[in-house]
Amino acid sequence: MLTLKQITEQTDKVIAGLNKKHFNGAKEAIEQVINLDKTRRAAQKQKDALAAEMNKLSKQIGAYFKEGNKEAAEAAKAQTADLKENIRQLDEQMTNAEQQIHDLLLTIPNIPYDLVPEGTGAEDNLVVKMGGEQTKLPENPLPHWELAKKYDLIDFDLGVKITGAGFPVYKGKGAKLQRALINFFLDRAQEAGYREIMPPTVVNAASGYGTGQLPDKEGQMYHCEVDDLYLIPTAEVPVTNIYRDVILDEAQLPIKNCAYTECFRREAGSYGKDVRGLNRLHEFSKVEIVRIDTPEHSQQSHDEMLAHVESLLVALELPYRILRLCGGDMSFTAAICYDFEVYSEAQQRWLEVSSVSNFDTYQANRLKCRYRTDEDKQIRLCHTLNGSALALPRIVAALLENNQTERGIHIPAALQPYTGFEWID
RNA sequence: GGAGAGAUGGCUGAGUGGUCGAUAGCGGCGGUCUUGAAAACCGUUGAACGGCAACGUUCCGGGGGUUCGAAUCCCUCUCUCUCCGCCA
């Protein structure tokens, strides 16, 4: 969440930022926060003064009892009743205002960087780079769900039987391809200096709040009610929450972690061609990269992450483009975000395979993830960043569709050491 | 699932109603000594909020209560550990 400091010291900038993100009622919400903060400060000031008085009196009473002066002690006791009641009331005012501020802040999204383009939706995103080459497909190319059936790689109906729609069963070379991609992505991340983490795929509510999925996306996560636990929608949640309530040393930064996990998303409200085949699943595999960094260095970290993701798509020989998302299309918590899309030849559409975001201090403030500066030992909020590197299903969709030939589906050279086969036929 | 124990500062671990934000050890930082390092010795070392500052307030798992005063007493919740049972 935004810090009170940001809101009180850069009010206009915050409001402008929220407007850029198309957050309704920005001005009202911010003004409300500021007023509540004033109320809180006033209450605290008064309370602190009275509490100091109370502490003095208590010590005095203790001293009287020690020297056996009961009369003086009782007289002093009599003075405490009013003080106590006043303190109680002021404390109530204070915690009340605090709670309201906190609740309000949870509902206010992050503000975008200047670099983020104006806009309300996908059509306003800025294409910053195109790469890779479109392949020449045979006559009447098949979409990946047909190819999956033709070569018996992925069984969607079987998934429906066992679980439900959106939970496919990978079989034979289809399953091996999944494992190959996971290992390929993890190895590449390791080469780029990321430490591998294997986190739990079920998290508590505190972790959900830490990274901002709660309360914003409550309905999008699978929830185990009996234990009040959530299935993770991305490894970002457990891996970033490693650093919840942690004070790091500046020398440790940037921290670079990666993790492969299954991801679970309810995707309530999705429909149509968007959900066909592998385009949108309830469970999928993803390798995520996560960084914790200083404010000064986070931009460079972000650039490095973008370069890393791009190198994966180049290695897989897929046509791709990189988008800088506009204010209205970015996630709740992001300050700046780039999407990577691959071109699916048979569907003739772009598929999002990665989102690489810098959250500035927004997540760190919720997480209480801070670091101590080398220079003057100050405690400051970290910046957190993460990105998919990469999500499997749409990569598989594009690989199958773009590499189909009369002979079968060709596996890109970089992946062959991992699959152990060159052709799916 | 049954029984028991526990939760204190970066860590270990004292503290059972009154200058306790908290003894001590380890670790960290600074210094003395040293060509350098180690050892030894000395000093220092939590966070949040308010305040220009001096300083004040709060925090000993969370919440509530008793009291002039709570780390310490009471209630409650959560979590952890040990033993037994079950089990990949």
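Chain identifiers are assigned alphabetically (A, B, ...) following the order of the sequence lines, protein sequences preceding nucleic acid strands; residue numbering begins at 1 within each chain. The model shown is predicted, which means the values in this text are computed figures rather than measured ones.
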Identity of whatever pairs with [N] - Watson-Crick or G-U, under 3.5 angstrom:
{"N": "B:G43", "value": "B:C29"}
{"N": "B:U19", "value": "none"}
{"N": "B:A7", "value": "B:U78"}
{"N": "B:C60", "value": "none"}
{"N": "B:G51", "value": "none"}
{"N": "B:A38", "value": "none"}
{"N": "B:G69", "value": "none"}
{"N": "B:A88", "value": "none"}

Determine the interatomic distance between [atom1] on [N] and the same-named atom on [M]; round to the nearest Å.
{"N": "B:A53", "M": "B:G15", "atom1": "P", "result": "40 Å"}
{"N": "B:G10", "M": "B:U57", "atom1": "C1'", "result": "25 Å"}
{"N": "B:C26", "M": "B:G9", "atom1": "C1'", "result": "13 Å"}
{"N": "B:U82", "M": "B:G25", "atom1": "C1'", "result": "26 Å"}
{"N": "B:G85", "M": "B:A3", "atom1": "P", "result": "16 Å"}
{"N": "B:A71", "M": "B:A22", "atom1": "P", "result": "12 Å"}
{"N": "B:A70", "M": "B:G65", "atom1": "P", "result": "12 Å"}
{"N": "B:C42", "M": "B:G46", "atom1": "C1'", "result": "23 Å"}

Answer yes or no: is there a donor N or O on one side and an acceptor on the other, between the side chain of [X] and the main chain of [Y], under 3.5 Å?
{"X": "A:Q6", "Y": "A:T3", "result": "yes"}
{"X": "A:E283", "Y": "A:C263", "result": "no"}
{"X": "A:S354", "Y": "A:S388", "result": "yes"}
{"X": "A:K286", "Y": "A:L390", "result": "no"}

Look at [X] and [N] and indicate whether a side-chain polar atom (N or O) is within less than 4.0 Å of OP1 or OP2.
{"X": "A:R370", "N": "B:A48", "answer": "yes"}
{"X": "A:K56", "N": "B:G56", "answer": "no"}
{"X": "A:N55", "N": "B:U57", "answer": "yes"}
{"X": "A:R40", "N": "B:G50", "answer": "yes"}

[X], nearest nucleotide to its side chain (from [options]):
{"X": "A:K59", "options": "B:U67, B:A47, B:U19", "value": "B:U19"}
{"X": "A:R41", "options": "B:G50, B:C68, B:U57", "value": "B:G50"}
{"X": "A:M54", "options": "B:G18, B:G50, B:G69", "value": "B:G69"}
{"X": "A:A52", "options": "B:C49, B:G69, B:U57", "value": "B:U57"}

Item to check | Side-chain touch A:L36/A:E98, heavy atoms, less than 4.5 angstrom | outcome: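 Answer no - side chains too far apart.
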[X] [atom1] to [N] [atom2]: how many Å, rounded?
{"X": "A:E74", "N": "B:C68", "atom1": "CD", "atom2": "C1'", "answer": "9 Å"}
{"X": "A:Q378", "N": "B:A47", "atom1": "CD", "atom2": "P", "answer": "10 Å"}
{"X": "A:K38", "N": "B:G51", "atom1": "NZ", "atom2": "C1'", "answer": "18 Å"}
{"X": "A:K77", "N": "B:C68", "atom1": "NZ", "atom2": "C1'", "answer": "6 Å"}
{"X": "A:D91", "N": "B:U58", "atom1": "CG", "atom2": "C1'", "answer": "9 Å"}
{"X": "A:K47", "N": "B:G51", "atom1": "NZ", "atom2": "C1'", "answer": "15 Å"}
{"X": "A:L90", "N": "B:G56", "atom1": "CG", "atom2": "C1'", "answer": "15 Å"}
{"X": "A:Q46", "N": "B:U57", "atom1": "CD", "atom2": "C1'", "answer": "14 Å"}

Just checking [X]: base, sugar-phosphate only, or nothing, at a heavy-atom cut-off of under 4.0 Å?
{"X": "A:A51", "value": "sugar-phosphate"}
{"X": "A:T80", "value": "sugar-phosphate"}
{"X": "A:I379", "value": "sugar-phosphate"}
{"X": "A:M94", "value": "nothing"}
{"X": "A:L57", "value": "nothing"}

Next on the checklist: Closest-nucleotide mapping onto RNA chain B: is A:K84 or A:Q44 further toward the 5' terminus? I mean the 5' end.
Outcome noted: A:Q44
Checklist outcome for this item: RNA chain B nearest-nucleotide lookup for A:L4 and A:E53: closer to the 5′ end is A:L4
Item to check | With A:I292, the side-chain contact (heavy atoms from CB on, under 4.5 Å) member among A:N386, A:L385, A:L253, A:V246 | outcome: A:L253
Item to check | Cation-pi geometry met for A:K173 and A:F421 (6.0 Å, 45°) | outcome: yes
Next on the checklist: Tell me the closest heavy-atom pair linking A:L153 and A:L147, and the distance in Å.
Outcome noted: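 Taking every non-hydrogen atom into account, CD1-O, 4.5 Å.
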